[in-house]
Asks: 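Starting off with a structure, shown below.
Letters A, B, ... mirror the listed sequences (proteins, then strands); counts begin at 1.
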Number of protein chains: 2
Amino acid sequence: MVGMDPDEAVSTIDDMVCFALYAASRAVTSAYRPLLQALNLTYPQYLVMVVLWQRGSITVKDLGDHLQLDYGTLTPLLKRLEAAGLVTRRRRADDERSVEVGLTDEGRELRESTRHIPIAIGDAMGMPEAELSRLRDSLRRLTNNVSTHGSGA
Amino acid sequence: MVGMDPDEAVSTIDDMVCFALYAASRAVTSAYRPLLQALNLTYPQYLVMVVLWQRGSITVKDLGDHLQLDYGTLTPLLKRLEAAGLVTRRRRADDERSVEVGLTDEGRELRESTRHIPIAIGDAMGMPEAELSRLRDSLRRLTNNVSTHGSGA
DNA sequence: CACGAGTAACTTGTGCACAAGTTACTTTGG
DNA sequence: CCAAAGTAACTTGTGCACAAGTTACTCGTG
């Protein structure tokens with residue numbers, strides 16, 4: 001390892017962890033796409049719905065903290081979900097700065113149509129539960145490390 | 001595990017491998033951003049440059065196969081790199097359908113300014129070499145599984 | 001109360017990603 | 001040779017991501 005040919009120090013693109021991550025993320029999103037398209041959802045929209053199905057309602061700020069997405073991404077995305085009749089958006093009475101996002105009946109009902117998705121995806125991933133668990137832990141640690149090290153977000 | 005509360009079957013967003021992947025990918029890209037910004041490159045542009053530094057020149061098609069990106073992404077990206085004076089684009093003489101992407105002198109020289117980046121990123125990731133290697137292997141297998149299973153791409 | 005700091009949300013602009021449709025060139029089979 | 005199939009690249013349109021700037025509201029301090 002030490003003293004490699006300088007031309008190989010960076011190795012090929014296929015040896016870069018960052019590329020493996022970038023490619024895997026897009027590949028998994030692609031696997032979701034046909035399943036979600038049937039429900040007229042994109043992958044980020046699905047993530048928002050998952051949070052809402054769990055929590056019932058949440059401010060845009062808290063949603064951004066959970067998904068690590070900013071307002072520039074969430075505001076238009078939530079407007080599209082609202083236009084699709086799945087969520088509601090209204091200012092909180094006790095703090096007019098905050099917008100509370102909630103589910104419509106249609107949004108709540110949509111959950112039933114997604115029950116098969118985690119199974120289908122887990123199947124497509126084709127990896128034992130233990131390895132997926134290890135992978136998830138590594139990814140979480142990686143995310144924590146680079147985001148605290150980086151710009152101190 | 002078996003027989004969980006149905007409300008918890010999907011678990012929270014934080015338990016989803018796909019979300020860990022999505023968040024990690026964006027976090028790592030964010031770690032690259034300040035380093036690449038100094039060179040006026042985005043992360044996908046940097047990946048293209050890495051391939052070119054390795055191979056010298058390559059057709060858009062082959063570049064797309066390596067990075068798993070389509071023309072809709074690459075064509076405008078390559079035009080921006082060309083406008084920045086880093087790459088050249090010209091039709092191949094032996095097959096006028098193909099466009100060969102090559103490096104300008106400036107593009108070749110830029111490589112020296114990126115030597116510190118892999119070290120800085122490896123540092124920020126803060127994980128032992130062995131774990132990164134295991135992670136990369138899992139990610140590659142995952143990518144292969146979901147892309148062959150999925151739509152048979 | 002007033003005012004300055006802080007905060008939540010929105011807007012604008014740039015650059016990916018990707019689907020779907022188009023154009024130009026090459027190859028194959030009659 | 002020529003038509004049909006195939007291929008490489010481009011274009012258009014939609015939806016993220018994210019930086020930077022703006023607006024509106026809240027809170028703390030004097």
Asks: When the nearest nucleotide of DNA chain C is assigned to A:Arg33 and to B:Arg92 on a heavy-atom basis, which residue is associated with the more 5' position?
Replies: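 Result of the comparison: A:Arg33.
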Asks: Checking all strands, does B:Arg89 fall into the base, sugar-phosphate, or nothing category for heavy-atom contacts under 4.0 angstrom?
Replies: sugar-phosphate
Asks: Return the 5'-most residue of the pair B:Thr29, B:Lys79 with respect to DNA chain D, ranking by each residue's nearest nucleotide.
Replies: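 Whichever sits nearer the 5' end wins; that is B:Lys79.
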Asks: Once you round to the nearest 0.5 Å, how far does CE of B:Met49 lie from CG of B:Leu103?
Replies: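 Result: 5.0 Å between the selected atoms.
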Asks: Judged by each residue's nearest nucleotide on DNA chain D, which is more toward the 5′ side, A:Pro76 or A:Glu96?
Replies: A:Pro76
Asks: Side chains of B:Val48 and B:Leu74, heavy atoms from C-beta outward: is any pair under 4.5 Å?
Replies: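 Yes, side chains in contact.
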Asks: Taking all heavy atoms of B:Pro76 and all of B:Tyr71, pick out the closest pair and write down the distance.
Replies: CD-O, 3.9 Å
Asks: First and last nucleotide of DNA chain D touching chain A, 5' to 3', heavy-atom cut-off 4.0 Å?
Replies: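 That gives a stretch of D:dG15 to D:dT26.
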Asks: Over all strands shown, is A:Thr73 touching base, sugar-phosphate only, or nothing at heavy-atom distances under 4.0 angstrom?
Replies: base
Asks: Once rounded to the nearest 0.5 Å, what's the spacing between atom CG of A:Leu86 and atom CD of A:Gln45?
Replies: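 Atom-to-atom, A:Leu86:CG and A:Gln45:CD are 8.5 Å apart.
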Asks: Please list residues of residues 55-68 of chain A whose heavy atoms come under 4.0 Å from any atom in DNA chain C, ordered by number; otherwise none.
Replies: A:Thr59, A:Val60, A:Lys61
Asks: Taking it one step at a time, do A:Asp137 and A:Arg134 satisfy salt bridge (charged side-chain N to carboxylate O under 4.0 Å, His left out)?
Replies: CA-CA 5 Å; A:Asp137 290 349; A:Arg134 227 174 337 105; over 6 Å; no
Asks: For B:Leu77, which contact category applies under a 4.0 Å heavy-atom criterion: base, sugar-phosphate, or nothing?
Replies: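 Contact class for B:Leu77: sugar-phosphate only.
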Asks: Would you indicate whether the side-chain heavy atoms of B:Asp65 and B:Lys61 approach each other to under 4.5 Å?
Replies: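 Counting from C-beta outward, B:Lys61 and B:Asp65 do come under 4.5 Å.
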Asks: Any side-chain heavy atom of B:Val101 within less than 4.5 Å of one from B:Leu81?
Replies: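 The answer is no, as the side chains (C-beta and beyond) never meet within the 4.5 Å cut-off.
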Asks: Could you say whether A:Arg26 or A:Leu74 is positioned toward the 5' end of DNA chain C, judged by the nucleotide with the nearest heavy atom to each?
Replies: A:Leu74
Asks: Looking at residues at least two apart in the chain, or sitting in another chain, which of them share a side-chain contact (heavy atoms from CB on, under 4.5 Å) with A:Tyr32?
Replies: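 A:Tyr32 satisfies side-chain contact (heavy atoms from CB on, under 4.5 Å) with A:Val28, A:Leu36, A:Tyr43, A:Tyr46, A:Ile117, A:Ile121, B:Met16, B:Cys18 only.
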